[in-house]
J.: 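Sharing a structure with you now.
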Amino acid sequence: MLWWGVGIALFVGINLVFYPSIRDSTGLSDYSKGMPEAVRALFVGGELDLTSPAGFLNSQIFALMAPTLMAIFAVSAGAASIAGDEERGFLDLRLAQPLSRRAFVIQQFLWLVAGVTVLAFVLLGTVVLGSIPFDLPIAFDKVLAVTISIALFGLFFGALALAVGGVVPGKARAIAVAAAAATASWVLDGLARAVSWLEPFQDLSPYYQAFGQNPLTNGAPWLGWVLLTVAIGILVAVSAIGLEKRDVRQ
């Protein structure tokens with residue numbers, strides 16, 4: 001957790017350092033406006049003005065890299081919680097204690113929530129404090145909203161990795177399924193902005209539910225948060241039920 005926190009803080013800090021040097025440049029925004037809509041949505045969060053405070057933070061931090069880092073952490077932790085313990089031969093020892101499998105899954109999920117929450121606070125604090133010396137005026141509630149979206153996005157795929165590990169053994173399988181789903185979610189949201197026949201499926205993308213309404217500009221996407229929270233709860237239930245119904249691999 002220490003090194004993850006340090007890494008996220010350094011990543012944000014390095015990006016913020018560059019803002020004063022590009023704030024008055026029009027070339028980046030012209031470049032963004034010339035991109036195809038799908039490419040712009042995928043790589044710079046759909047932003048047209050990359051030199052505005054919101055446009056810069058979205059394109060450099062919140063639209064792609066911060067969700068990716070959070071998802072990597074959450075998927076790794078979720079896959080290690082059940083599938084990883086099982087591969088190392090620790091799971092049967094843990095479950096030999098006076099602890100139900102359902103309680104074990106819930107405790108592992110709560111650890112995942114704690115880890116994501118810590119990293120979300122690091123991200124939030126670094127952006128809020130770092131924006132002061134680099135003249136990046138942005139409302140705290142908007143930064144908080146996009147940070148919560150990032151946390152829920154990561155938790156969804158961490159819970160997916162947890163669920164896969166609960167239903168079937170194999171840490172690599174849990175990571176692969178969750179990582180593939182996260183990538184597909186991001187690609188679907190971007191392509192649906194430019195490909196008309198994909199637009200009806202855009203609501204199925206967790207990325208769209210978390211970031212499709214641009215929380216850094218428009219504030220909290222309450223419906224998206226509710227849907228992600230419900231989906232996370234379902235995945236945790238699937239993990240608990242799956243683990244209860246199968247034998248633990250020795």
Side-chain angles (χ1 to χ4, degrees), residues 1-35 39-77 114-155 157-158 182-183 185-186 189-190 207-208 210-221 224-225:
M1 286 303 304
L2 174 64
W3 289 112
W4 269 99
V6 169
I8 286 178
L10 286 175
F11 159 71
V12 172
I14 289 171
N15 277 281
L16 294 180
V17 164
F18 284 102
Y19 181 67
S21 65
I22 69 168
R23 181 174 49 215
D24 300 321
S25 171
T26 59
L28 280 177
S29 295
D30 292 339
Y31 174 71
S32 176
K33 292 173 184 177
M35 290 181 179
V39 175
R40 186 166 61 243
L42 285 170
F43 295 103
V44 295
E47 294 291 343
L48 293 172
D49 185 3
L50 301 187
T51 58
S52 68
F56 177 80
L57 290 174
N58 249 340
S59 62
Q60 301 303 310
I61 297 175
F62 291 125
L64 179 58
M65 289 306 300
T68 299
L69 291 173
M70 191 68 79
I72 290 172
F73 168 80
V75 168
S76 300
V116 168
T117 301
V118 168
L119 295 185
F121 271 112
V122 171
L123 176 64
L124 176 66
T126 308
V127 171
V128 170
L129 296 178
S131 65
I132 297 172
F134 298 112
D135 193 23
L136 269 158
I138 195 76
F140 175 80
D141 62 320
K142 303 296 177 60
V143 180
L144 178 61
V146 73
T147 303
I148 293 173
S149 286
I150 289 170
L152 287 173
F153 178 78
L155 270 178
F157 292 105
T183 303
S185 167
W186 168 66
D189 175 68
Y207 185 92
Y208 173 76
F211 307 106
Q213 305 305 316
N214 197 347
L216 188 61
T217 300
N218 301 317
W225 288 357

J.: Can you name the closest pair of heavy atoms from V128 and S131 and give their distance?
T.: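 In this case the closest contact between V128 and S131 is O-OG, 2.8 Å.
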J.: Looking at side-chain heavy atoms only, is the closest gap between V118 and W4 below 4.5 Å?
T.: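 The answer is no, as the side chains (C-beta and beyond) never meet within the 4.5 Å cut-off.
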J.: Which distance, rounded to the nearest 0.5 Å, do you find between the CD1 of I22 and the CD of Q60?
T.: 6.0 Å
J.: Could you pull out the closest heavy-atom pair between L216 and A54, with the gap in Å?
T.: CD2-O, 3.5 Å
J.: In Å and rounded to the nearest 0.5 Å, what is the CG to OG1 distance from L119 to T147?
T.: 12.0 Å
J.: So how far is it from I132 CD1 to L16 CG, rounded to the nearest 0.5 Å?
T.: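 Between I132 CD1 and L16 CG, I get 11.0 Å after rounding to 0.5 Å.
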J.: Should F73 and L69 count as side-chain neighbours, where that means a heavy-atom distance under 4.5 Å?
T.: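 A side-chain contact is absent here, since even the closest heavy-atom pair is not under 4.5 Å.
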J.: Side chains of M70 and L155: does their closest heavy-atom pair fall under 4.5 Å?
T.: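 A side-chain contact under 4.5 Å is absent here.
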J.: Compare all side-chain heavy atoms of T126 with those of I8 and state whether any distance is below 4.5 angstrom.
T.: no
J.: Do F157 and S185 make a side-chain contact, defined as non-hydrogen atoms from C-beta onward lying under 4.5 Å apart?
T.: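 F157 vs S185: side chains touch.
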J.: A145 and A220: which non-hydrogen atoms are nearest, and at how many Å?
T.: CB-N, 3.8 Å
J.: If you look at every heavy atom in N15 and F56, which pair is closest and at what distance?
T.: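 What the structure gives for the nearest pair is O-CZ, 3.1 Å.
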J.: Using every non-hydrogen atom in the two residues, find where A74 and V116 come nearest and quote the distance to one decimal.
T.: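 Closest pair (atom of A74, atom of V116, distance): CB-CG2, 4.1 Å.
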J.: If you look at every heavy atom in Q213 and N218, which pair is closest and at what distance?
T.: O-ND2, 2.7 Å
J.: Check for a donor-acceptor pair, side chain of Y19 on one end and backbone N or O of T51 on the other, with a separation under 3.5 Å.
T.: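 Yes; judged by distance alone, with no hydrogens or angles, the pair exists.
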J.: What's the separation between atom CH2 in W186 and atom CZ in F211, rounded to the nearest 0.5 Å?
T.: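 Atom-to-atom, W186:CH2 and F211:CZ are 13.0 Å apart.
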J.: Are any non-hydrogen side-chain atoms of N214 and V146 less than 4.5 angstrom apart?
T.: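 In short, these two side chains do not touch, never coming nearer than 4.5 Å.
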J.: When rounded to the nearest 0.5 angstrom, what is the spacing between CG in L144 and CZ in F140?
T.: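 Answer rounded to 0.5 Å: 5.0 Å.
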J.: Which value, rounded to the nearest 0.5 Å, describes the distance between Y207 atom OH and T183 atom OG1?
T.: 12.0 Å
